[in-house]
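Step one of this worksheet: look at the structure below.
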Amino acid sequence: GAGVSQTPSNKVTEKGKYVELRCDPISGHTALYWYRQSLGQGPEFLIYFQGTGAADDSGLPNDRFFAVRPEGSVSTLKIQRTERGDSAVYLCASSLQGGSGYNEQFFGPGTRLTVL
Amino acid sequence: AQSVAQPEDQVNVAEGNPLTVKCTYSVSGNPYLFWYVQYPNRGLQFLLKYITGDNLVKGSYGFEAEFNKSQTSFHLKKPSALVSDSALYFCAVRPPTGGYQKVTFGTGTKLQVIP
């Protein structure tokens, strides 16, 4: 079956611009996660959705970052007033359920964001 | 707070030799532990997990990992390395308490299998 997909695969923008990154999870997965991966680092947690609601947004670095999942499926990560330090690969993952904790996460290929 | 350490940035091993990728963790209680692999230009793929039970866990592609509570380790192993195993490997941990808990990833270990 189809895995997690993310669009675009690459995004180049200028400092100060607004960007949206999209994630299509695996059908039927109620849990959705966003991570940020910088070069030489592991995925850094940003936000977790269970269904439509953001159950944990403690990883969002500041109020320029926001994410939505209005219908409990597709999610969009939004970054306002982008800064060069936002450059990274943004990963999306989904799992059957988030609460139980032992369900592995299925990752998308990521969106490489470059802020010039 | 929970944490994961992967002490080796890179591991080199000859094809056909056994490989070990190290992982230690810090978390309250008995953890849930995971290994993921990342191939170039691809997303992370799940390899195996330890939840409870037998300390030796077997996963995809012939990989296995051993949970050692006293040493707080969860090293990834494979008896005979393949060139195609060359990739970036991530260990991850989360606390076992009920309900949602955040997963923390290590910084990754690059495995290079030499033909």
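All values below were derived from every heavy atom in this structure, side-chain atoms included, with hydrogens, water molecules and symmetry-related copies excluded. Sequence lines set the chain letters: A, B, ... in the order given, protein chains first and strands last, and positions in each chain run from 1.
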TODO: Verify whether the ring centers belonging to B:Tyr25 and B:Tyr50 lie closer than 6.0 Å.
DONE: no
Task: Side chain / backbone / both / neither for A:Gln105 at chain B, heavy atoms under 4.5 Å - done: both
Task: Heavy-atom proximity to chain A below 4.5 Å, by part of B:Gln6 - done: neither
Open item on the list: Please rank B:Lys49, B:Arg42, B:Gln45 by heavy-atom pairs under 4.5 Å with chain A and give me the top one.
Closed with: B:Lys49
TODO: Check the hydrophobic clustering (I, L, V, M, F, W, Y; side-chain heavy atoms under 4.5 Å; chains of links allowed) and say if B:Phe90 and B:Val57 are grouped together.
DONE: no
Task: B:Lys77 bridged to B:Glu64 by N-O distance under 4.0 Å - done: no
Open item on the list: Under a 4.5 Å cutoff for heavy-atom pairs, which residue among A:Gly110, A:Pro43, A:Gly108, A:Pro109 has the most contacts with chain B?
Closed with: A:Pro43
Task: Which portion of A:Ser9 sits near chain B, non-hydrogen atoms under 4.5 angstrom - done: neither
Open item on the list: Looking at B:Ser73 and B:Thr24, would you say the former's side chain and the latter's main chain have a donor-acceptor pair under 3.5 Å?
Closed with: no
Task: A:Leu116 atom CG: more than 12 heavy-atom contacts under 6.0 Å - done: yes
